[in-house]
Amino acid sequence: MKRVGVFVCHCGSNIGGVVDCAKVAETAQDYPGVVYAVDNKYMCSEPGQELIKKAIKEQNLDRVVVASCSPRMHEPTFRRCVESAGMNAYFMEMANIREHCSWVHSAEKDKATEKSCDLVKMAVAKAIMNKPLQKATIPVTDRALVIGGGIAGIQAALDLANAGHVVDVVEKEPSIGGKMAQIDKTFPTLDCSACILTPKMVDASSHPNINLITYSEVEKVDGFVGNFDVTIRKKARSIDMSVCTGCGVCMSKCPSKVDSEFEMNLSKRRAIYTPFPQAIPNKPVIDRDNCTYFKTGKCGICQKVCTLDAIDFTQEDELVVTRYGAIITATGFEQFDHSVYGEYGYGKYPDVITGMHFERLINASGPTMGKIKRPSDGKVPKNVVFIKCVGSRDEAKGKAYCSKTCCMYTAKHATLVTEKIEDSNVYIFYMDVRTGGKGYEEFYNRTREKYAAQYIRGRVSKVFKQGDKLIVRGEDTLLSRAVEIEADMVVLATAMVPQEDASKLAQKIGIGYDKDHFFTEAHPKLAPVETHTQGVYLAGACQGPKDIPESVAQASAAAAKVCGLLSKSEMLTEPIISQVNESICVGCGLCVPICPYKAIDLKTISERDHGNIIERLVADVNGGLCQGCGACTVACRSAALDLKHFTDQQILAEVNALCL
Amino acid sequence: MKYAYFPGCSLSSTGIEYDLSTRETARVLGIDLWEIPEWNCCGASSGHLTDHLLSLALPARNMAIAEEAGLDVAIPCAACYARSKATELAVSNSAEMKQEIEEVIERKYEGKSKARALLDIIANDIQSEDVKNNVQKELKGIKAACYYGCLLVRPLAVGFDDPEDPQSMDNLVKSLGGETVDWAYKTECCGASCPTTMPETGKKMLERIFKSAKDAGANCLVTACPMCLNNLDMRQGQVEKAYSEKYDMPVFYFTELTGLAFGVEPTKLGLNKHFVDAMGLVNEVLKADGGRETA
Amino acid sequence: MNNIDLTGIRESNNEKLQEVIKESGGVRPEDCYQCGKCSAGCPAVFGMDNTPRQIMRFLQLSMVDEALKSNTIWMCAGCQTCTVRCPKEVDIARVMESLRVLAREKGYITEKSINLFHELFLKSVESTGRVYEMGLILGANIIGMKPLKDAEFGLPMISRGKLAIIPHRIKDNGEVKRIFENVRKRGAKV
Amino acid sequence: MSVNEVVQEKEKEVEQNWEPKILVFACTWCTYAGADLTGLSRLQYPPNIRILKVPCSGRVNPQFVIKAFQKGVDGVLVAGCHPGDCHYTSGNYFTRRRFLLMRRLMEYIGMEPERFQNRWISAAEAPKFQQVITEMTEEIRALGPNRKLRDDQW
Ligand SMILES: Cc1cc2nc3c(=O)[nH]c(=O)nc-3n(C[C@H](O)[C@H](O)[C@H](O)COP(=O)(O)OP(=O)(O)OC[C@H]3O[C@@H](n4cnc5c(N)ncnc54)[C@H](O)[C@@H]3O)c2cc1C
Ligand SMILES: Cc1cc2nc3c(=O)[nH]c(=O)nc-3n(C[C@H](O)[C@H](O)[C@H](O)COP(=O)(O)OP(=O)(O)OC[C@H]3O[C@@H](n4cnc5c(N)ncnc54)[C@H](O)[C@@H]3O)c2cc1C
Ligand code: SF4
Ligand code: SF4
Ligand code: SF4
Ligand code: SF4
Ligand code: SF4
Ligand code: SF4
Ligand code: SF4
Ligand code: SF4
């Protein structure tokens with residue numbers, strides 16, 4: 001029989017003024033298992049705690065029930081208290097007779113006293129069933145992985161590296177930099193993107209704590225917080241990175257030309273290439289799908305011209321497994337494919353371009369050397385129409401959400417057209433102008449006032465070709481009249497969408513994603529950089545549309561979280577997790593999809609059955625992932641799963657205590 | 001290949017050429033057309049613009065007769081097709097609607113008999129090889145602006161082709177040896193009954209179509225709808241007068257072009273019945289092939 | 001221009017609005033975010049006194065009578081361009097259709113000639129089973145007091161064999177007439 | 001007085017002094033915290049409930065509810081975070097589904113389904129907590145003591 005001690009707190013008059021605490025203690029004496037019960041003015045005070053410790057020793061107690069305030073207030077206090085008296089912390093239970101009783105029934109003293117007795121009785125019943133639990137410790141590997149080398153990934157890596165942690169950055173492209181490398185000038189200040197980005201790229205590549213793993217992708221993620229085992233596929237670059245100096249001779253001699261993705265197909269690159277001149281690392285890769293040698297076995301010019309013998313056609317993909325304490329995903333976004341818009345020409349009119357095309361057209365190092373020329377015939381456009389919310393805020397063809405950056409970058413583009421092309425006219429079709437941000441509204445107003453951009457409120461219904469003009473027809477909803485513009489070029493502010501493989505990556509890592517495939521944060525307000533998987537954090541546009549300031553802020557926030565995690569060599573884990581009774585688990589797997597943290601897997605065990613060794617499947621809870629919600633316990637028809645500290649038995653004991 | 005044939009009211013009067021050329025084309029291609037006996041008007045846009053149930057019930061009677069015969073229905077007129085298709089879908093999508101319609105028409109119709117646009121059958125069901133094999137005169141010199149109008153391909157559930165840039169008719173004309181132009185008004189509305197009821201608005205709608213086709217380099221328009229043809233053909237002169245612009249744009253039914261290419265006598269196709277002279281262009285086509293001249 | 005008093009407008013017009021919503025198969029006016037894409041693509045917008053978007057706006061504000069009295073609903077050719085392009089998947093063509101039905105019921109027919117055309121059309125269908133186009137053109141013009149409108153096409157049509165002078169009548173044992181009767185029994189005003 | 005009569009008399013007495021007894025399963029993060037806030041705000045409600053803390057409303061096994069009814073509880077409330085706000089992402093969706101099944105089961109065995117309720121009460125909704133408890137107490141009082149399951153068991 002367990003020996004339970006009950007300690008009833010008056011909390012001054014907070015409880016004592018309503019509940020007859022002495023009577024509660026007296027009643028408790030008769031509850032099964034209770035060997036000692038007292039009341040006291042302030043249980044949480046020094047003397048109160050001493051009273052508990054003394055009683056544990058003198059009365060030889062092995063369970064303690066404190067009837068006082070909410071456990072959300074003092075559970076840690078009393079757990080520490082019993083622990084210091086040599087008792088397991090989880091042998092202590094609390095009955096909340098203040099928030100749930102004296103304060104809410106102040107006029108009904110008898111009833112409140114009766115209720116307090118019940119609550120104590122329930123706590124006693126539960127305490128008797130309690131098992132000793134230990135907070136376990138798991139080691140934490142002091143190394144972080146950043147997936148994606150855009151501005152968000154670079155910023156996170158730099159912050160972590162500066163705090164003294166080793167960081168690997170996995171980037172699928174041959175160079176880090178992301179979309180910001182393609183952008184010309186940045187709102188709201190119009191400073192040059194390259195001028196602020198490239199120094200950061202260089203810092204990242206030269207930082208002793210940062211390893212850039214470019215042209216690589218994450219293949220598999222195992223393990224859990226503190227100990228993720230990540231398999232990274234390093235795609236064959238066909239270049240010996242340790243030898244190549246990036247001289248570029250090979251690239252200038254390669255005869256095979258293809259559209260340059262970085263230049264939005266507005267110009268060509270070679271089959272052996274770096275995406276852009278300031279690429280980091282500034283060493284080429286061979287695009288095997290387009291290399292003549294890999295297609296036909298002939299050519300090999302690059303190999304011949306490389307004096308350092310850096311070209312290696314025999315390279316193969318390499319898989320490396322590394323252990324990380326934490327992961328930051330920063331895989332960014334892509335532009336919505338507007339070819340679903342038949343009424344805008346299905347992406348077939350060359351002079352209907354996207355915002356990113358426009359960035360390349362105005363970029364001094366872009367395909368037109370910064371001269372705005374339209375793609376079809378190289379003419380300088382005079383009338384430029386911008387259409388906002390293409391793919392965004394369009395439930396019929398695109399996405400319901402607002403892409404948040406396009407109002408601002410369209411205003412930016414409008415100012416740049418007016419600055420660069422004399423006598424040009426800019427028309428912007430918009431539905432709303434969203435400029436939440438410091439200095440943003442002012443920027444938009446300058447665009448209208450100083451740069452005379454015509455803002456027309458309405459969504460364009462059709463863009464079609466008439467001669468060499470593009471006719472843009474919309475309604476000016478403020479005038480309620482259909483309007484038409486003969487445009488030379490049309491720029492679509494297409495939606496920001498997650499990377500095409502975002503959901504696949506999320507599944508590999510075990511994090512959630514929303515219906516649009518943006519990664520989901522643990523809490524939209526209070527945990528915006530965390531995920532539901534401990535140890536995995538989010539930064540940048542992979543979590544939702546974001547501009548550069550926000551991406552950077554979030555990256556630093558994620559880095560701070562990782563610093564917190566990696567600053568200790570071990571971490572404590574909550575012992576309140578689910579456990580499997582393997583002997584009755586039938587391996588049906590019903591519990592597996594229930595767990596929001598993907599903490600349950602099936603594993604094979606071998607058993608001796610009448611002298612034979614048999615193998616069967618059983619559920620296996622990963623203690624590093626389980627957060628103790630208990631949802632799985634209800635799903636199991638065999639009652640093989642139970643939640644520690646909230647077991648079926650414990651809860652039923654409370655129910656029984658209330659009723660008997 | 002056998003279909004129930006629903007010509008619709010227009011094809012026995014203002015759209016007589018469509019009926020003639022449809023029958024000729026079907027004959028050459030070996031499509032057996034069984035005219036629905038004592039078919040009734042589908043109500044076209046008036047029913048649809050007046051009462052929802054009536055607009056579904058009128059076509060339902062014709063569809064029911066075809067269903068009794070176990071045939072799908074080939075429908076040349078775009079408006080009739082749209083209405084009949086709407087009925088078919090309403091009946092197959094809702095048991096309630098099916099019952100209500102059956103009560104109204106006092107016949108059984110379960111949506112088993114499908115409404116098919118004639119263009120869809122000829123351009124998409126029949127292999128373009130089969131079409132090509134029947135061509136006796138390539139349509140050299142035809143630069144067609146294919147005009148689908150609005151009803152044929154909208155809304156998505158009814159249409160069999162892309163609502164913004166359909167290709168069925170273009171591909172068909174190309175397999176007949178003609179050229180087509182890329183233009184922007186393929187699926188813009190011709191105004192339906194608007195030109196009759198609101199002439200000024202109607203003319204403006206038509207003007208844009210002619211201008212766009214002309215600018216794109218077309219020398220004729222091709223349609224699959226008697227309403228469109230009437231508006232484009234009969235009113236072209238009015239529009240030319242109002243806008244002081246000459247278009248000279250003969251307007252064909254696509255079946256007239258198939259018939260022509262299959263070597264059918266132009267008068268048998270009704271090509272001499274147009275308001276905007278079509279015979280000039282027809283003769284050029286026939287001559288270009290070194291063929292004979294017809295009056 | 002008069003002020004519009006929006007106070008209580010929702011309550012006082014709610015019943016009418018619900019009628020529109022029901023007639024149009026459950027369309028939700030609040031879905032429309034007033035972007036104007038429908039109106040810009042509408043081929044008939046030139047002749048309308050309100051753009052289709054404004055009709056949706058009237059409905060959003062429960063100003064049902066304004067929508068019913070607008071000539072827009074009669075100018076609409078039912079081409080569905082608006083519906084296909086609406087980013088919020090509002091079936092505007094269907095809304096137009098249902099407003100026409102309700103306007104006829106309530107006697108708000110702003111475009112008499114258009115309504116007349118449709119009435120004559122259906123009368124012809126009811127009496128003969130098919131459309132008698134000659135009668136339709138003449139009738140619409142005579143009753144509409146514009147006897148000479150489109151008359152220029154009459155003779156050439158007849159001479160081209162395109163207009164029958166005598167209506168074609170189908171032998172359907174009154175089936176089509178009964179369709180009209182049955183629809184009327186179900187409340188249709190045709 | 002026969003023994004029987006004594007027992008009946010006693011039962012009547014019990015009946016007259018009967019007060020509904022309601023068991024509340026409250027999730028730690030939302031409703032339990034909401035109940036705490038009700039206390040901190042000193043909002044008063046009838047003293048008929050007993051709160052049992054669970055990590056998540058999704059932890060509540062229908063078996064617990066049935067057991068409670070068998071043992072003579074008059075009403076059971078399962079309360080947790082609003083849908084979409086669950087601390088554990090999705091636990092309360094399971095709760096909702098089970099709740100519907102549970103109600104159907106109760107109807108099947110002829111028990112008033114109102115005895116079993118399911119509410120979303122956040123950590124900030126003290127007035128809602130007060131209102132839900134007050135209303136539910138009244139509802140259960142109107143229904144009278146739970147006999148069905150209890151009696152069935154004896
Ligand atoms: C036309 C246009 C103009 C803009 N102008 C401005 C502006 O003026 N000012 C401003 O503040 N913002 C602007 N933005 C927004 C800005 O581009 C974004 O805020 C910013 O790029 C987000 O950075 P990121 O690092 O989150 O994503 P990204 O820049 O998209 O970087 C993501 C990186 O991750 C890599 N990656 C993706 N998937 C994987 C994977 N599975 N494995 C490994 N690596 C992966 C990608 O290759 C890429 O390098 C503009 C956006 C557009 C479209
Ligand atoms: C009406 C309204 C509704 C809102 N609703 C939402 C919403 O629904 N969702 C949302 O996300 N956001 C909402 N917000 C915005 C939200 O309130 C802010 O984002 C948030 O409060 C900012 O937090 P903060 O800590 O930066 O500033 P504050 O909340 O302002 O905290 C600043 C603290 O610093 C103290 N302080 C100030 N000066 C000094 C000093 N010199 N020395 C010491 N202490 C000082 C202040 O007393 C205060 O406690 C709303 C804002 C408003 C006005
Ligand atoms: S591979 Fe050779 S030629 Fe090419 S950049 Fe490197 S060192 Fe220069
Ligand atoms: S081998 Fe390939 S990469 Fe090298 S030069 Fe030839 S085509 Fe270019
Ligand atoms: S930011 Fe502006 S342009 Fe972009 S989706 Fe939102 S409202 Fe539209
Ligand atoms: S100031 Fe506030 S209310 Fe005005 S647009 Fe900005 S966010 Fe909206
Ligand atoms: S208790 Fe919750 S988190 Fe843990 S394994 Fe079960 S469902 Fe997953
Ligand atoms: S724990 Fe239960 S639900 Fe999970 S596999 Fe085993 S028997 Fe099935
Ligand atoms: S297109 Fe749709 S959302 Fe836009 S104004 Fe028209 S009805 Fe409203
Ligand atoms: S259906 Fe009517 S409102 Fe819609 S686009 Fe066509 S004519 Fe205009």
Side-chain angles (χ1 to χ4, degrees), chain A residues 336 338 340-346 385 387-403 406-407 427-434 455-464 470-487 490 492-495, chain C residues 1-2 4 26-61 63 66-67 69-73 75-96 110:
Chain A
F336 179 79
H338 65 277
V340 299
Y341 281 86
E343 61 272 39
Y344 300 166
Y346 286 119
V385 171
I387 305 178
K388 298 209 291 185
C389 308
V390 175
S392 313
R393 308 176 69 195
D394 182 343
E395 283 157 40
K397 289 209 184 76
K399 311 283 178 182
Y401 58 83
C402 161
S403 289
C406 13
C407 273
Y427 305 89
I428 301 172
F429 282 92
Y430 72 101
M431 295 201 295
D432 297 281
V433 180
R434 298 185 169 171
Y455 273 79
I456 302 159
R457 196 206 169 276
R459 203 177 175 98
V460 168
S461 181
K462 185 153 175 154
V463 177
F464 56 94
L470 291 159
I471 311 293
V472 181
R473 194 201 290 158
E475 185 193 7
D476 184 324
T477 58
L478 303 179
L479 284 179
S480 300
R481 298 269 282 276
V483 295
E484 268 184 13
I485 297 161
E486 285 188 12
V490 175
L492 308 177
T494 46
Chain C
M1 239 180 249
N2 290 336
I4 299 169
V27 73
R28 300 191 309 179
E30 65 275 17
D31 281 354
C32 163
Y33 59 14
Q34 291 290 304
C35 70
K37 195 173 182 190
C38 48
S39 311
C42 173
V45 77
F46 313 103
M48 293 174 171
D49 51 9
N50 292 297
T51 66
R53 174 189 58 78
Q54 285 177 303
I55 298 296
M56 293 307 299
R57 185 68 190 142
F58 283 140
L59 296 184
Q60 287 178 339
L61 292 176
M63 295 167 67
E66 279 76 359
K69 285 177 185 161
S70 171
N71 87 340
T72 301
I73 59 178
M75 298 307 292
C76 164
C79 74
Q80 310 235 18
T81 309
C82 49
T83 299
V84 174
R85 288 193 190 147
C86 173
K88 299 287 288 179
E89 301 180 314
V90 177
D91 190 347
I92 315 158
R94 181 78 194 268
V95 171
M96 296 291 173
T110 37

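Note that the coordinates shown come from a computational prediction; the quantities given were computed from them, not determined experimentally.
Counting heavy-atom pairs under 4.5 Å between each of C:K37, C:Q54, C:K88 and chain A puts C:K37 at the top. Each of C:R57, C:E89, C:R53 has some count of heavy-atom pairs under 4.5 Å with chain A, and the biggest count is that of C:R53.
Residue contact with chain C, scored on non-hydrogen atoms closer than 4.5 Å, is absent for A:Y430. Only the backbone of C:C86 comes within contact range of chain A, judged by heavy atoms closer than 4.5 Å. If you measure heavy-atom distances from A:A482 to chain C, the contacts under 4.5 Å come from the side chain alone.
Using a 4.0 Å cut-off between charged side-chain N and carboxylate O, A:K462 and A:E343 make no salt bridge. In summary, A:K397 and A:D394 do not engage in a salt bridge, as defined by a charged side-chain N under 4.0 Å from a carboxylate O. A salt bridge is absent between A:K388 and A:D432; no separation between the charged side-chain nitrogens and carboxylate oxygens falls under 4.0 Å.
With C:Y33 as the fixed residue, the side-chain hydrogen bond (donor to acceptor under 3.5 Å, both in side chains) test singles out one of A:R459, A:R393, A:E395: A:R459.
Under the 3.5 Å distance criterion, with hydrogens and angles disregarded, no donor-acceptor pair is assigned to the side chains of A:S461 and A:R473.
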